[in-house]
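The block underneath contains the structure these notes are about, expressed in structure tokens.
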Amino acid sequence: MVKLPPTFTLLLFLAVALADSATEATIVSCLHDSGLEVDDPQSPDWQNATTPFNTKFHWIPAAIVYPRQASDVKNAVLCAVEHKVHVSALSGGHSYSASGYGSRDGALVVSFRNMRQISYYSSDNTVLVQPGIHLGDFALALYTKYRRAMAHGICPFVGLGGHVGFGGWGLSSRSWGLLIDQIEGAELVQANGNIIHVSATENPDLFWAIRGASSAYGIVTQYKMRTQKAPDSVIRFAFNFIDPDRSPDKFARVLSAYQDWSLTAPKEIGIVINVWQFGRTLEMTGYYLGNRTDFDPVAKSLLGATGQPNTTYMQERAWILALIEANGGTNLSTEGIPEPHDTFYAKSLTVSTKVPLAHDSFINLAKFFTSASVPNNFSWFIQFELWGGGNSAISSVHGNATAYPHRDHHWVCQFYGRSNGSWPSQGTAFVDGLVNAVTGMQAKDFGAYANYLDPYLAQWQEKYYADNYPHLSKIQQETDPSGVFLKAQNIGAAK
Ligand SMILES: Cc1cc2nc3c(=O)[nH]c(=O)nc-3n(C[C@H](O)[C@H](O)[C@H](O)COP(=O)(O)OP(=O)(O)OC[C@H]3O[C@@H](n4cnc5c(N)ncnc54)[C@H](O)[C@@H]3O)c2cc1C
Ligand SMILES: *[C@@H]1O[C@H](CO)[C@@H](O)[C@H](O)[C@H]1NC(C)=O
Ligand SMILES: *[C@@H]1O[C@H](CO)[C@@H](O)[C@H](O)[C@H]1NC(C)=O
Ligand SMILES: *[C@@H]1O[C@H](CO)[C@@H](O)[C@H](O)[C@H]1NC(C)=O
Ligand SMILES: *[C@@H]1O[C@H](CO)[C@@H](O)[C@H](O)[C@H]1NC(C)=O
Ligand SMILES: *[C@@H]1O[C@H](CO)[C@@H](O)[C@H](O)[C@H]1NC(C)=O
Ligand SMILES: *[C@@H]1O[C@H](CO)[C@@H](O)[C@H](O)[C@H]1NC(C)=O
Ligand SMILES: *[C@@H]1O[C@H](CO)[C@@H](O)[C@H](O)[C@H]1NC(C)=O
């Protein structure tokens, strides 16, 4: 690198700083002139306002704007276009790589913290809901006010806006579908500022595209979605297999048996296997949409296949209690509770029903985590989520019916490493090692799930979107030719 004289460096620095603050001042004043609520780098709560759930990533926006209605979003987008600033919507801020903050410095972030309303229409059992609502508050409002329910994730702080943009899976999804499958229509602010409606009959191409890749096509300001009658009760269950010896053979035997069994599992069962730190415990947990009479034979066939667990929990639970329990017992309401944070890196693999995981892959996985050294201040878990199998509603939809393509997939597996200090450089290699232990044993293409956004994923276009990518890319070029919403791993972004 050329060494510049100190005064020159200082001048250069000042020039850059001035140019930066000039851009910011103009977009910020444009936002103020439009009567919008704005945070900029001089705001006292700027640090807090820009800190994402995953503190491993921290982008510095040009400004954050807090709309109260679609026309505010439109005005914010127009300011950004005028000042050539990229725009990114932010709902719950729980993206795995802080993508809501723009995936780069200098974006205009459109936060939905003031747009969290929900209204229910008993005439057709639909809700109109704004994207800023958190999933916990959403489930609670649906149930306590209207005795309704939907299929979605249950981590209370996750925002609806991001979750429904890329799939949205929960324990009732095998019965009711992914969250995208429950959408009837949406209101969208486009790159040119137009506010449009999308549905099966209005702008159907965009309706297709936002159900799996929403953030590339605009900012959704409202969804219309179908709801279900909340069940009076469900059967909560948890079966723990505890092996103090951490034998790879035993680990693989339980997982293989579970995998075989789940190929024909009834849609009423929502189930995951969690493998916690060290891999001594394999926890099968979830709930069954039905009563004990119906569940008992299902449990019997599952445990007949896997062998008896060391601990067994089976209880009839009211719907909302089942959601709370499935979330580890914490409250669903996020009102007034400080935002949690984590420091982590995660990867996902979608596993096809036609080519399930090989027994040797399970063995190799267990061999890896029982022998690899774990970095300081680091812990990990793996989750095998059952999406397909049997008569699952997720798989009943064709892979090209929505932007989310992996409809024939049996499992989505998630490999998650977290640190309670600063991120250890070996942490990334450890998580990669878990994944490579599985993929290295079988020659096949695994996909990935865009809601478990992995910023280091190679060939993300194919992994997330498979055969749907070319069509998605074409629609993106038509609706946002100048790339207002462009950011890393958004449709249209460079390889
Ligand atoms: C603790 C935890 C638990 C999770 N559990 C599950 C689970 O059970 N099932 C599951 O499927 N996923 C789960 N996820 C993943 C989760 O679905 C995604 O991280 C989701 O994208 C987060 O949404 P958000 O609104 O909180 O994030 P944000 O960071 O606000 O947004 C994520 C992305 O969506 C875009 N976006 C947000 N709002 C809009 C909008 N209004 N219009 C257009 N684009 C928008 C953003 O620009 C960004 O690209 C979990 C994540 C965490 C951290
Ligand atoms: C920090 O920001 C979050 C998200 O915008 C907000 O909910 C919270 O109230 C803020 N906390 C403080 C102390 O300002
Ligand atoms: C259990 O649910 C089934 C319907 O799935 C119903 O036919 C049966 O009567 C119920 N049994 C009990 C004991 O409630
Ligand atoms: C769990 O059960 C298995 C098989 O029955 C047994 O080998 C193992 O020791 C048990 N684990 C504990 C912690 O008791
Ligand atoms: C969480 O829920 C419990 C039980 O419903 C309640 O007693 C407690 O006050 C709640 N805590 C917060 C912070 O809302
Ligand atoms: C951090 O995590 C490590 C590993 O899980 C644990 O041993 C340690 O007690 C934790 N430290 C703090 C301060 O929480
Ligand atoms: C989806 O695939 C089916 C079957 O291959 C085909 O008939 C249909 O035209 C496809 N639809 C779209 C929108 O590509
Ligand atoms: C572990 O985390 C603690 C608490 O955050 C921190 O003080 C310590 O420096 C960390 N240790 C390492 C080796 O990163």
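Counting starts at 1 for both ligands and their atoms, in listed order.
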**Asked** Out of L289, D294, T293, whose heavy atom is nearest to atom 5 (O) of ligand 3?
**Response** D294
**Message:** Can you check atom 11 (N) of ligand 4: any protein non-hydrogen atom closer than 4.0 Å?
**Reply:** yes
**Whether K487 side chain and S99 backbone form a donor-acceptor pair below 3.5 Å** = yes
**Item:** Residues Y96 and Q414: side-chain donor-acceptor under 3.5 angstrom
**Value:** yes
**Fill in**
Residues D408 and T353: closest non-hydrogen pair is O-OG1, 2.7 Å
**Prompt:** To the nearest 0.1 Å, how far is atom 8 (C) of ligand 3 from its closest protein heavy atom, and which atom is that?
**Reply:** N291 ND2, 3.7 Å
**Request:** Can you confirm whether something in the protein, heavy atoms only, sits under 4.0 Å from atom 14 (O) of ligand 7?
**Result:** yes
**Prompt:** Looking at atom 6 (C) of ligand 7, what's its closest protein heavy atom, distance included?
**Reply:** N400 ND2, 4.2 Å
**Non-hydrogen protein atom less than 4.0 angstrom from atom 2 (O) of ligand 7** = yes
**Request:** Have a look at ligand 7 and work out which part of H398, if any, has a heavy atom under 4.0 Å from it: side chain, backbone, both or neither.
**Result:** side chain
**Item:** No-hydrogen, no-angle side-chain donor-acceptor test under 3.5 Å, T306 and W261
**Value:** no
**Fill in**
min-distance protein heavy atom vs atom 7 (O) of ligand 4 -> K250 NZ, 4.3 Å
**Item:** N or O contact, I242 vs ligand 4, cut-off under 3.5 Å
**Value:** yes
**Item:** Y313 side chain to E325 side chain, donor-acceptor N/O pair below 3.5 angstrom
**Value:** yes
**Request:** Do me a favour and list the nearest non-hydrogen protein atom to atom 9 (O) of ligand 4 with residue, atom name and distance?
**Result:** P244 CD, 4.4 Å
**Asked** Is there a side-chain contact (heavy atoms from CB on, under 4.5 Å) between D181 and W176 once you walk through the steps?
**Response** CA-CA 8 Å; D181 301 330; W176 300 336; over 6 Å; no
**Item:** Where ligand 4 meets N310 - atom numbers and elements under 4.0 angstrom, heavy-atom basis
**Value:** 1 (C), 2 (O), 3 (C), 8 (C), 10 (C), 11 (N), 12 (C), 14 (O)
**Message:** Any donor-acceptor pair under 3.5 Å linking the side-chain atoms of S215 with those of N490?
**Reply:** yes
**Request:** Using a strict cut-off of less than 4.0 Å between a Lys/Arg side-chain nitrogen and an Asp/Glu carboxylate oxygen, indicate whether D124 and K224 qualify as a salt bridge.
**Result:** yes
